[in-house]
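This report refers to the structure that appears directly beneath it.
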Amino acid sequence: MRHLILGAAFALLLPVAAQAEGDAAAGEKAFAPCKSCHNFEKNGVGPQLKGIVGEKAGQGRDGYAFSEALKNSGLTWDEANLKEWLIDPKKKVPGTKMVFPGIKDEKKVDDIIAYLKTKS
């Protein structure tokens with residue numbers, strides 16, 4: 001009986017887990033506001049983002065001048081950290097110099113992360 005209940009609970013949660021995956025094509029469109037500071041070739045106002053998924057925050061990026069807060073954050077840009085960052089950068093890393101207020105639509109955030117993964 002216990003296994004049946006656990007199996008049923010897992011089956012109910014599976015669609016929720018599947019929804020957490022983003023759509024890279026939609027993410028490319030949702031990334032549009034980010035383009036004013038970020039691209040995938042060279043640093044600009046913000047660092048270039050090619051290969052950012054899985055990297056340590058505040059490091060690399062061919063000499064980009066990161067804030068001390070980001071350099072000392074100890075973060076790795078995995079999906080969970082990227083999600084929190086994209087929703088509210090200043091909450092995730094107080095003292096960051098990124099002025100973007102964040103994206104409150106979690107579906108757009110998931111889509112952007114999926115798009116960033118295609119650029120890694």
Side-chain angles (χ1 to χ4, degrees):
M1 183 68 167
R2 174 188 274 168
H3 294 304
L4 181 63
I5 292 170
L6 288 174
F10 179 73
L12 289 173
L13 291 176
L14 190 58
V16 174
Q19 289 175 0
E21 285 295 316
D23 176 345
E28 184 174 9
K29 292 176 185 159
F31 186 79
C34 310
K35 287 181 180 180
S36 62
C37 297
H38 298 282
N39 65 62
F40 299 99
E41 289 81 40
K42 62 181 182 165
N43 296 327
V45 172
Q48 65 89 3
L49 299 178
K50 184 174 183 175
I52 198 74
V53 179
E55 290 195 2
K56 297 267 185 209
Q59 299 179 14
R61 307 292 126 196
D62 297 323
Y64 182 80
F66 290 99
S67 67
E68 289 300 313
L70 195 59
K71 286 193 277 188
N72 297 324
S73 69
L75 295 176
T76 297
W77 292 127
D78 59 21
E79 291 183 41
N81 283 326
L82 280 168
K83 186 166 189 160
E84 290 176 13
W85 172 264
L86 290 170
I87 289 171
D88 192 344
K90 292 195 179 298
K91 180 177 178 185
K92 181 67 177 170
V93 180
T96 183
K97 64 183 189 178
M98 186 162 152
V99 296
F100 187 69
I103 301 166
K104 305 311 177 207
D105 181 336
E106 289 193 34
K107 171 68 171 116
K108 284 185 180 181
V109 170
D110 290 338
D111 293 343
I112 290 171
I113 293 169
Y115 175 61
L116 290 174
K117 288 167 66 176
T118 69
K119 299 294 188 177
S120 295

Is a donor on one side and an acceptor on the other found under 3.5 Å between the side chain of [X] and the backbone of [Y]?
X: Lys117; Y: Glu79; value: no
X: Arg61; Y: Gln48; value: yes
X: Tyr64; Y: Val45; value: yes
X: Thr118; Y: Tyr115; value: yes

Check this for me: Lys50, atom NZ, are more than 12 non-hydrogen atoms of other residues, nucleotides or ligands nearer than 6.0 Å? no

How long is the gap from [atom1] on [X] to [atom2] on [Y], to the nearest 0.5 Å?
X: Lys29; Y: Ile112; atom1: NZ; atom2: CD1; value: 13.5 Å
X: Gln59; Y: Leu75; atom1: CD; atom2: CG; value: 10.5 Å
X: Ser120; Y: Glu55; atom1: OG; atom2: CD; value: 7.5 Å
X: His38; Y: Asn43; atom1: NE2; atom2: CG; value: 10.0 Å
X: Leu86; Y: Glu106; atom1: CG; atom2: CD; value: 11.0 Å
X: Trp85; Y: Lys91; atom1: CH2; atom2: NZ; value: 14.0 Å

Minimal non-hydrogen separation, [X] against [Y], with atom names:
X: Asp111; Y: Ala26; result: OD2-CB, 3.4 Å
X: Lys104; Y: Ile87; result: NZ-O, 2.7 Å
X: Thr96; Y: Ala69; result: N-CB, 3.9 Å
X: Asn81; Y: Lys92; result: OD1-NZ, 2.9 Å
X: Ile103; Y: Val109; result: O-CG2, 3.5 Å
X: Lys71; Y: Phe66; result: CE-O, 3.5 Å

Is there a side-chain contact between Leu82 and Trp77, using heavy atoms and a 4.5 Å cut-off? yes

With side-chain contact (heavy atoms from CB on, under 4.5 Å) as the test, would you mind laying out the steps for Leu49 and Asn39 before giving the verdict? CA-CA 6 Å; Leu49 299 178; Asn39 65 62; over 6 Å; no

Does the side-chain contact (heavy atoms from CB on, under 4.5 Å) test come out yes or no for Lys83 and Asp110, once each step is laid out? CA-CA 7 Å; Lys83 186 166 189 160; Asp110 290 338; 3.1 Å; yes

Would Lys119 pass as a cation-pi partner of Phe40, given that its NZ or CZ must be under 6.0 Å from the six-membered ring centre and within 45 degrees of the axis? yes

Pair Leu116, Phe31 - check side-chain contact (heavy atoms from CB on, under 4.5 Å), show working. CA-CA 9 Å; Leu116 290 174; Phe31 186 79; 4.1 Å; yes

